[in-house]
Amino acid sequence: MGLTKQYLRYAASAVFGVIGSQKANIAYVTLRGGEKGRYVAVAACEHVFIWDVRKAEKVLILQGNKQEVTYLYPSPDGVHIAVGYEDGAVRIFSLLSGESNVSFSGHKSAVTVIRYDALGARLVTGSRDTDVIVWDVINECGLYRLKGHKDAITQALFLKGKNLLVTSSKDTFVKWWDLDTQHCFKTMVGHRSEVWGMVLLNQESKLLTGSADSELRAWNIDYLEEGKEVGEPRIKKVKGLLDEDDEVEEGLDEGPEERILSCEKAGSILRESRDRVVSMTTDTRAKVLACHGTDAVLEVFTILPEEEVQRRMERKLKKAKKKAKSKGGEEDGIEPVVERKLEDEIQRLANIKASSKIRSVDCLLSPSGEMKVALLLQNNTVETYTLKTTETNPQGTKTARLTLSGHRTDVRTLAFSSDNIAMLSASAETVKVWNRSTLQVVRTMACEYALCSLFVPGDRQIIIGTKSGKIQIFDLASGSLLETTDAHDGAMWSICLSPDQRGIVTGGADKTVKFWEFELVKDQESGQNKRLTVKHTRTLQLDEDVLCVRYSPDQRLLAVSLLDCTVKIFYTDTLKFFLSLYGHKLPVLCLDISHDSTLIATGSADRNVKIWGLDFGDCHRSMFAHDDSVMFLQFVPKTHLFFTAGKDKKIKQWDADKFEHIQTLEGHHREVWCLAISPSGDYIVSSSHDKSLRLWERTREPIILEEEKEMEREAEFEESLAKGEEPVVPGETKGEAGPAGKKTVETVKAAERIMEALELYREESKKLEEHRIACETAGKQLPPPKTNPILVAFGNISPSRYVLDIIKKVKSSELEVSLLVLPFPYIPDLLSLFNHFIQEGWEVELVCRCLFFLLRVHFGQISSNQMLLPVIDSLRSNTISKVQEIRDVLGFNSAGLQFLQREIESKEDVMFFTDATDRFEEKKRKRKKKERAILTIS
């Protein structure tokens with residue numbers, strides 16, 4: 001085997017420049033018992049950033065994998081946060097350690113909503129795949145999948161104290177689910193367009209929905225009285241003796257939904273915004289409601305308590321009586337009637353105008369009545385406001401704004417300083433200079449729409465080329481704009497430093513290439529200090545718009561890319577035409593020349609990269625590089641390796657000598673606009689439409705191309721494996737409920753590991769049986785057979801124990817799907833082993849879970865197999881006795897803990913946990929009831 005060229009791998013180092021991604025929402029979180037309303041969680045591409053809004057600092061990063069974050073929701077206890085991803089996965093992170101121990105995989109596409117129940121023991125997730133899945137957080141497994149909606153789920157809410165779930169979707173329906181029976185018992189069809197948001201108010205007696213119009217629709221929820229039986233029909237209205245004749249008796253309604261609750265429209269509230277609702281949220285006690293559309297205005301409503309509503313109604317009634325009395329209405333014997341409207345219960349509090357369009361909102365309400373609002377805006381900004389809800393006309397006060405750590409618009413140009421330490425990024429409104437090691441912003445300066453940039457030799461000034469055709473020179477020490485020069489009549493698409501470092505060349509949409517020299521002139525303001533300026537020396541007039549210009553490193557040639565899909569090469573000294581490189585079908589958007597001035601690489605909108613010789617202009621190779629336009633191309637200094645960036649979200653490295661693709665850097669979630677390679681070649685920084693900047697670092701790990709190709713093939717095979725048909729559960733009908741898990745690469749691998757363990761168990765059992773027969777035949781004890789090295793590695797455990805260890809290592813959320821993939825020939829051995837495990841008392845709960853699932857799935861084959869009858873009978877008796885033992889132990893422990901609690905309470909005169917607050921609330925309610933009764937009597 002000949003010597004292979006060694007390449008070094010570039011690895012992702014950091015993600016920065018993004019404050020909050022637009023795909024997900026914003027949520028208030030608490031860290032280590034800190035104050036509420038100080039920390040917010042936002043998505044940052046595949047990661048989750050926790051920001052301290054007071055200090056404007058990033059305090060925690062929850063590391064993701066590859067997929068973009070689409071939803072966040074903190075747990076009720078504030079210790080965990082559930083994160084949903086683009087591929088349908090859900091991970092639960094600890095806010096104390098920042099690590100994820102629990103992950104669920106059940107959805108086929110992006111997670112659109114996550115909610116915890118009141119205890120934090122269950123989690124409901126909705127997705128774009130129209131399914132709703134309920135997960136058991138404690139057992140780390142899926143409970144069931146609820147099917148019924150026809151479009152993406154927009155909201156899902158648990159009802160406290162009742163085992164009910166309400167979901168809304170873009171299919172215009174709101175569905176009510178009974179989680180005991182896992183079926184939809186009511187579908188609300190009162191919306192004409194998508195239901196975008198939904199909240200529960202007034203102790204879950206009112207439902208408020210937001211749709212594609214300016215109305216917020218309210219629905220009264222009337223629960224079945226506790227005294228009635230489930231099967232008893234509900235009487236809606238019966239004609240009485242005093243009713244008028246034309247009143248129709250509605251009689252009995254025996255619809256299934258009326259056995260649990262009835263839901264009737266109570267009216268609607270008009271929003272000031274005319275467009276659709278983007279998101280709606282309430283505080284934890286549902287006392288305030290915040291909602292917004294696609295504009296920059298947040299509308300805040302207050303939900304009045306029942307006592308306040310009653311007082312207002314009484315005042316209205318008094319006014320009506322007074323008015324009737326003054327008009328002489330009392331003589332007719334007509335009692336004035338005041339109708340209770342929705343506006344009496346939900347009142348507009350204030351409007352908060354944000355600095356840009358709002359993407360998401362979260363709010364908190366303190367006991368003092370101060371409301372804290374966190375807004376994630378569309379322009380990569382987080383803003384927080386406070387609102388005094390106790391005031392008559394409260395005004396929103398801005399308390400914090402996170403803007404420094406990112407640009408408002410896409411970064412279109414990047415550059416590295418000559419010492420590899422500073423990085424420059426420029427967008428439509430600002431230019432920022434970053435420290436590469438700390439990733440902190442060193443300078444932020446306002447500029448025009450930047451398209452190209454560079455550091456001036458010495459790294460004390462930077463030059464920006466703008467969309468309006470101007471050259472802007474900034475001083476880094478003072479962070480000020482030194483000079484703005486009109487360079488081109490159209491956009492300045494490209495700028496390049498001359499190799500002798502004495503000037504620059506610029507190319508623009510006005511069909512000209514202009515040459516500039518650096519000069520030091522006296523500063524008009526100070527009069528003494530000299531400042532940098534550029535002096536126009538020469539102009540090269542061309543027939544088409546100039547898209548890119550590059551000097552050859554020996555400064556002999558100048559390459560110019562034109563809108564006519566060609567690249568023209570000129571001599572630098574005389575500006576005489578030398579070569580024309582043609583072959584691209586669409587304009588060349590980027591080009592670069594190698595360090596030895598022998599090769600030129602061009603990247604085009606036709607998705608191809610061509611490598612040319614600069615001696616004769618011959619095309620060495622044309623390579624299909626990206627699945628979309630090639631946006632940027634640059635050689636690694638002092639090598640013939642180059643990087644390309646494309647609109648297909650990828651960055652690729654190529655070898656210009658061997659014409660080989662070396663590696664692909666995946667990470668960006670939108671089009672990659674540009675990249676910059678450090679002068680040492682150790683670092684790459686790239687920018688994308690997802691607002692993020694990514695730093696890539698050259699490692700010492702070598703790349704072997706054959707291995708890379710093999711790994712790519714394996715990844716493709718595994719992906720196709722997981723995309724196969726979902727395994728069918730025998731006896732399961734395609735109804736509203738289904739199993740929560742889905743087939744993934746992990747579940748297939750887990751099933752294979754279980755099969756391998758069972759094969760090993762069979763081999764060892766066969767060896768032992770042969771050894772026993774040999775001993776009997778010989779009439780003496782023979783030496784034992786050699787133990788399998790795998791069992792020796794596991795500490796000389798028995799084959800049955802090894803099988804149990806393998807099953808234990810399968811993730812709880814993937815266990816059922818892994819067992820479902822197992823072929824039936826392995827099941828008899830597994831059932832015999834389960835019997836042995838239960839007899840020994842090993843992992844009884846886990847074994848019972850696996851056993852009941854396998855019995856349900858393979859019931860037909862197991863019940864028809866005579867050989868398995870004794871095993872099943874033995875399992876029946878053993879399982880019942882062992883489970884009863886565990887129940888007795890749990891009952892004894894629970895009783896012991898309760899006894900200890902009572903002892904401590906009686907000794908120290910304190911109450912534990914929530915009992916104290918519950919009793920206090922009960923006493924408070926009784927006292928208020930007593931006071932009202934006394935007032936009524938008096």
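Just so it is clear, the values below take in all heavy atoms, side chains as well, and ignore hydrogens, waters and symmetry mates.
Between the side chain of S687 and the main chain of V411, a donor-acceptor pair closer than 3.5 Å is present. Side-chain atoms of R145 come within 3.5 Å of backbone N or O of G106 as a donor-acceptor pair. The backbone N or O of W696 sits nowhere less than 3.5 Å from a side-chain atom of S13 that would complete a donor-acceptor pair. For R694 (side chain) and G667 (main-chain N/O), a donor-acceptor pair under 3.5 Å exists by modelled atom type. When atom types are taken as modelled, the side chain of R408 and the backbone of G406 share a donor-acceptor pair closer than 3.5 angstrom. Between the side chain of D655 and the backbone N or O of L641 there is no donor-acceptor pair closer than 3.5 Å. Put simply, the side chain of S100 never gets that close to the backbone of R91: no donor and acceptor are under 3.5 Å apart. Between the side chain of S604 and the backbone N or O of L586, at least one donor-acceptor pair lies under 3.5 Å. Listed for the T384 side chain is a donor-acceptor partner under 3.5 Å among the backbone atoms of A400. Looking at T112, its side chain does come within 3.5 Å of a backbone N or O of G126 through a donor-acceptor pair.
Electrostatic pairing of K108 and D129 does not count as a salt bridge here, judged by no charged N lying under 4.0 Å from a carboxylate O. The pair K709-E712 does not meet the salt-bridge criterion, since no charged nitrogen lies less than 4.0 angstrom from a carboxylate oxygen.
Atom OG1 of T413 is separated from atom CG of L424 by 6.5 Å, given to the nearest 0.5 angstrom. The CZ atom of R9 sits 14.0 Å away from atom CZ of R700, with the distance rounded to the nearest 0.5 Å. For the atom pair OG (S169) and CG (D151), the distance works out to 5.0 Å, reported to the nearest 0.5 Å. Considering OG1 of T281 and CG of N25, their distance stands at 9.0 Å, rounded to 0.5 Å. Distance CD1/I677 to OG/S686: 10.5 Å, rounded to 0.5 Å. Rounding to the nearest 0.5 angstrom, the gap separating the OH atom in Y385 from the NZ atom in K353 is 9.0 Å.
A cation-pi arrangement is absent between R607 and F624, since the terminal nitrogen or guanidinium carbon is not both under 6.0 Å from the aromatic centre and inside a 45° cone about the axis.
Between the side chains of S355 and E383, at least one donor N or O sits under 3.5 Å from an acceptor N or O. Of the N and O atoms on the side chains of T664 and K650, not one donor lies less than 3.5 Å from an acceptor on the other residue. A donor-acceptor contact closer than 3.5 angstrom links the side chains of W135 and T125. Counting only N and O atoms by type, the side chains of E697 and T699 include no donor and acceptor under 3.5 Å apart. H292 and S273 share no side-chain donor-acceptor pair at under 3.5 Å. Residues H407 and S425 bring a donor and an acceptor atom of their side chains to less than 3.5 Å of each other. Under the 3.5 Å distance criterion, with hydrogens and angles disregarded, a donor-acceptor pair is assigned to the side chains of D275 and T294. Judged by distance alone, the side chains of S103 and K811 do bring a donor and an acceptor atom under 3.5 Å apart. Donor-acceptor pairing under 3.5 Å is lacking for the side chains of Y85 and N65.
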(request) Check the pair R412 / E448 against salt bridge (charged side-chain N to carboxylate O under 4.0 Å, His left out), numbers first and verdict last. (result) CA-CA 12 Å; R412 299 307 296 256; E448 291 186 32; over 6 Å; no
(message) Test side-chain hydrogen bond (donor to acceptor under 3.5 Å, both in side chains) on E46 and H669; report intermediate values, then the result.
(response) CA-CA 9 Å; E46 69 269 28; H669 300 285; 3.1 Å; yes
(request) Give the C-alpha distance, both sets of side-chain angles, the deciding distance and a yes or no for side-chain hydrogen bond (donor to acceptor under 3.5 Å, both in side chains) between Y116 and R122. (result) CA-CA 6 Å; Y116 277 96; R122 287 181 303 174; over 6 Å; no
(request) Using the side-chain hydrogen bond (donor to acceptor under 3.5 Å, both in side chains) rule, take S168 and T154 through it: C-alpha gap first, then chi angles, then the decisive distance, then the call. (result) CA-CA 6 Å; S168 65; T154 55; 2.8 Å; yes
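Side-chain contact between L123 and V90 is present, with heavy atoms from C-beta onward closer than 4.5 Å. In this structure, L705 and I662 have side chains that are in contact, with non-hydrogen atoms separated by less than 4.5 Å. Residues V137 and V102 have side chains not in contact (no heavy-atom distance under 4.5 Å, counting atoms from C-beta outward). The closest side-chain heavy-atom distance from K58 to S405 is not below 4.5 Å. For the pair D283 and L364, the minimum side-chain heavy-atom distance is 4.5 Å or more. In this structure, the side chains of Y28 and K372 come closer than 4.5 Å at one or more pairs of heavy atoms. Using a 4.5 Å heavy-atom threshold, the side chains of F632 and T644 count as separate. Side-chain atoms of L376 and I358, non-hydrogen and from C-beta on, never get closer than 4.5 Å to each other.
Y39 pairs with exactly one of L60, D52, V53 by the side-chain contact (heavy atoms from CB on, under 4.5 Å) rule, that one being D52.
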Sequence neighbours excluded and cut-off under 3.5 Å, please list the side-chain donor-acceptor pairs for residues 14-23, or say none.
from : atom 1 : to   : atom 2 : distance (Å)
S21  : OG     : C45  : N      : 2.7
Q22  : NE2    : G20  : O      : 3.1
Q22  : NE2    : L377 : O      : 3.3
K23  : NZ     : E86  : OE1    : 2.8

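Every residue meeting the ring pair (Phe, Tyr, Trp, His ring centres under 6.0 Å) condition with Y10, not counting sequence neighbours, appears here in chain and number order: F643. For A625, the side chain to side chain contact (heavy atoms under 4.5 Å, CB included) partners are V609, V630, W654, not counting sequence neighbours.
The list of salt bridge (charged side-chain N to carboxylate O under 4.0 Å, His left out) pairs with a residue in residues 680-691, not counting sequence neighbours, reads D410-K691, D682-R698. The list of salt bridge (charged side-chain N to carboxylate O under 4.0 Å, His left out) pairs with a residue in residues 95-107, not counting sequence neighbours, is empty. Contacts classified as salt bridge (charged side-chain N to carboxylate O under 4.0 Å, His left out) and involving residues 660-677 (residues at least two apart or in different chains) are given here: E68-R670.
Between H47 and F49, the ring-plane angle classifies as parallel under the 30° and 60° cut-offs.
Within 6.0 Å of the NZ atom in K649, the count of heavy atoms belonging to other residues, nucleotides or ligands does not exceed 12.
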